[in-house]
Amino acid sequence: SRQSPACAVAIQHALDDYNRLRPTQPIHVRMGIHVGEAIQERDKFFGKTVIVAFRVSALAAAGEILATRAVRALTEHEGRFVFGPDRSLELKGLEGRFVAASVDWRAISRSREPVAT
C-alpha cells in the first residue's frame, strides 16, 4: 500500500529515538517493501509478493528501508519520500532481476506524534 513507506519511516524514527536513549543497547532493523497481491489464509500471507518483500528485506542493511520500483512508482509523485539510486537485485528463488532503492528516512520529517518508549 501507499502507507508502507510512511509506516517504515515512522518505525525507523522510533528506533532512532530509542537508540539515542539507550546507546549501549541499540536496535537496528532492515526493512524491505514491495506491493502487490498476496494470498491470505487466516492470519498468514503467501505468494510471490510476500516472497519478493522478504527477499528484498534480506538484502537491506541494518537501519535501511529498501523499496522496490513498484513501491517507488506508487509514491514518488507525492514527493513525501526521498529515494536513493536504483539498485539491481537478484532475489533468491525468483527469476530475473528486480530494482529497488533505499528510502532516506533520515531526510524525512518526523511525525508529530510522540514515540512510546
For R72, is there an ion pair with D86 - N to carboxylate O distance below 4.0 angstrom?
yes

Working to the nearest 0.5 Å, report the span between SG of C7 and CE of M31.
7.5 Å

Checking W105 side chain against G63 main chain: does a donor-acceptor pair fall under 3.5 Å?
yes

Tell me whether the count of non-hydrogen atoms from other residues, nucleotides or ligands lying under 6.0 Å of CD in Q40 goes above 12.
yes

Contact between I65 and Q12 at the side-chain level, heavy atoms closer than 4.5 Å - yes or no?
yes

Kindly indicate whether the side chain of L74, heavy atoms from C-beta on, has any atom under 4.5 Å from the side chain of V35.
yes

Do D104 and F81 make a side-chain contact, defined as non-hydrogen atoms from C-beta onward lying under 4.5 Å apart?
no

Hydrophobic cluster membership, F83 vs F98, 4.5 Å side-chain cutoff:
no

Hey, is R87 close enough to E64 for a salt bridge, meaning N to O under 4.0 Å?
yes

Name each donor-acceptor pair under 3.5 Å that joins a side chain in residues 42-50 to protein atoms two or more places apart or in another chain, with its distance.
residue	atom	partner	partner atom	Å
T49	OG1	E37	N	3.4
T49	OG1	E37	O	2.7

Side chains of Y18 and I27 in contact at under 4.5 Å (non-hydrogen atoms):
yes

At what distance, to the nearest 0.5 angstrom, does CG of D16 lie from CG of L21?
10.0 Å

Is I33 close to T68 at the side-chain level, that is, under 4.5 Å between some pair of heavy atoms?
no

Would you say the side-chain atoms of S57 and R30 include a donor-acceptor pair closer than 3.5 Å?
no

Please answer: with hydrophobic residues joined when any side-chain heavy atoms are less than 4.5 Å apart, are V56 and V99 in the same cluster?
no

Taking C-beta and beyond as the side chain, do V29 and L15 meet within less than 4.5 Å on heavy atoms?
yes

Given side chains that start at C-beta, do those of V52 and R55 come closer than 4.5 Å, heavy atoms only?
no

same_hphob_cluster(V9, V71) at 4.5 Å side-chain heavy-atom cutoff
yes

Note, L91 side chain near L59 side chain (heavy atom, < 4.5 Å)
yes

